[in-house]
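For reference, the structure discussed in these notes is given below.
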Amino acid sequence: MYDPTVARLTYRALLGRRRALILGALPLLLIVLSVAVRGLTGADDQTAADVLGGFALATMVPIIGVIAGTGAIGPEIDDGSVVYLLSKPLKRPTIIFTKLIVAVAVTMVFSAVPTLIAGLILNGNGQQVAVAYTVAALVASIAYSALFLLLGTVSRHAVVFGLVYALVWEALFGSLVPGARTLSVQQWSLAVAHKVAGGDLVTSDVGLTTATVLLIAVTVLATWYAGQKLRALTLAGEE
């Protein structure tokens, strides 16, 4: 289910100079912001939770997920180079699963690691805030990568749709419409973070059991369907 050659090519595509600069911009901004906030307000648990929840988890993680998830396969489909990959004796689910692993790894490195660093800067992990949001970023990275990899497989406008979901649905509707929060990767990951923190600083509108089931279901179904769409793409090319 994992092909090293596909992984190497995907890493190379995702971590090219221009895309690496884009991936690194938000984490750098988060750390700079955390240093500034710590210098102005000192170590405060509520402030740390607000910064990590409002910027890191609500904005940085989904945007990085969009870049990594869609970038793992979207450009290859757009420029037609995916045909060369599909001509190899590789199972289509293996290609998708390998690209998912790479997208998840890249998203985790560029989102969870900076979140932990920012949390330690803000309040030294008081009340487990830094660790809780880091776990939330790790969990969200998996689901976002699967969703946006699927978008990259089915649409040439995957980045646009991904940003609409991340910034409009999750950030806007998720904060204004209570019912929309149930269908939010952010809220699912916050449920896991709430369990880790064990206090009132990290809260979620979704229960832990529901969140866990939905995270697993979305990841599995998105990965499976992306594999099916890639098979259909192969058949269309052969015809």
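This chain uses plain numbering: 1 for the first residue, then up along the sequence.
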Rounded to the nearest 0.5 Å, what's the gap from CG on Leu150 to CG on Leu221? Could you check? 10.0 Å

Rounded to the nearest 0.5 Å, what's the gap from NZ on Lys88 to OG1 on Thr94? Could you check? 15.5 Å

Closest heavy-atom pair, Thr115 versus Ala56, reported as atoms and distance to 0.1 Å, is OG1-CB, 3.8 Å

Short side-chain to backbone donor-acceptor contact, Arg92 and Leu90, under 3.5 Å: yes

Using 0.5 Å steps for rounding, measure from the CG atom of Leu230 to the CD1 atom of Ile96. 4.5 Å

Report yes or no: does Thr223 contribute a side-chain atom to a donor-acceptor pair with the main-chain N or O of Ala146 at less than 3.5 Å? no

For Lys99 and Leu85, work out which heavy atoms get closest and say how close. CE-CD2, 3.9 Å

Taking all atoms of both residues into account, what is the closest heavy-atom pair of Leu214 and Thr182, and its distance? CD1-O, 3.9 Å

Look at the aromatic rings of Phe148 and Tyr144 and report parallel, tilted or perpendicular, splitting at 30° and 60°. parallel

Report, as yes or no, whether the 6.0 Å neighbourhood of atom OH on Tyr225 holds more than 12 heavy atoms from other residues, nucleotides or ligands. no

With a 3.5 Å distance limit and no angle check, can you tell me whether Ser204 reaches the backbone of Gln187 through a side-chain donor-acceptor pair? yes

Should we say atom CZ of Phe97 is surrounded by more than 12 heavy atoms from elsewhere, each under 6.0 Å from it? no

Starting from Val159, can I reach Ile22 by hopping between I/L/V/M/F/W/Y residues whose side chains sit under 4.5 Å apart? yes

Quick check: is Ile216 connected to Val104 through a chain of hydrophobic side chains (ILVMFWY, heavy atoms under 4.5 Å apart)? no

Say whether, by atom type as modelled, one donor and one acceptor occur between the side chain of Lys229 and the main chain of Thr153 under 3.5 angstrom. no

Locate the shortest heavy-atom distance separating Ile67 from Leu14; write the atom from each residue and the value. O-CD2, 4.0 Å

Kindly indicate whether the side chain of Val106, heavy atoms from C-beta on, has any atom under 4.5 Å from the side chain of Tyr11. yes

Closest heavy-atom pair and its distance - Ala211, Trp188: CB-O, 3.5 Å

Is there a path of hydrophobic side-chain contacts, each under 4.5 Å between heavy atoms, that joins Val129 and Ile121? no

Short question: side chain of Asn125, backbone of Val131 - any donor-acceptor pair under 3.5 Å? yes

Is Ser189 reaching over with its side chain to a backbone N or O of Val185, donor-acceptor style, under 3.5 angstrom? yes

Under a 3.5 Å distance rule, please check whether Thr41 uses its side chain to pair with a backbone N or O of Val37 as donor and acceptor. yes

Passes side-chain contact (heavy atoms from CB on, under 4.5 Å), Ile63 versus Leu167? Steps please. CA-CA 8 Å; Ile63 289 179; Leu167 300 179; 4.0 Å; yes

Decide yes or no on side-chain contact (heavy atoms from CB on, under 4.5 Å) for Leu149 and Thr70, but give the supporting numbers first. CA-CA 5 Å; Leu149 179 64; Thr70 60; over 6 Å; no

Of the non-hydrogen atoms in Leu208 and Ala191, which two are nearest, and what is the gap between them? CD1-O, 3.8 Å

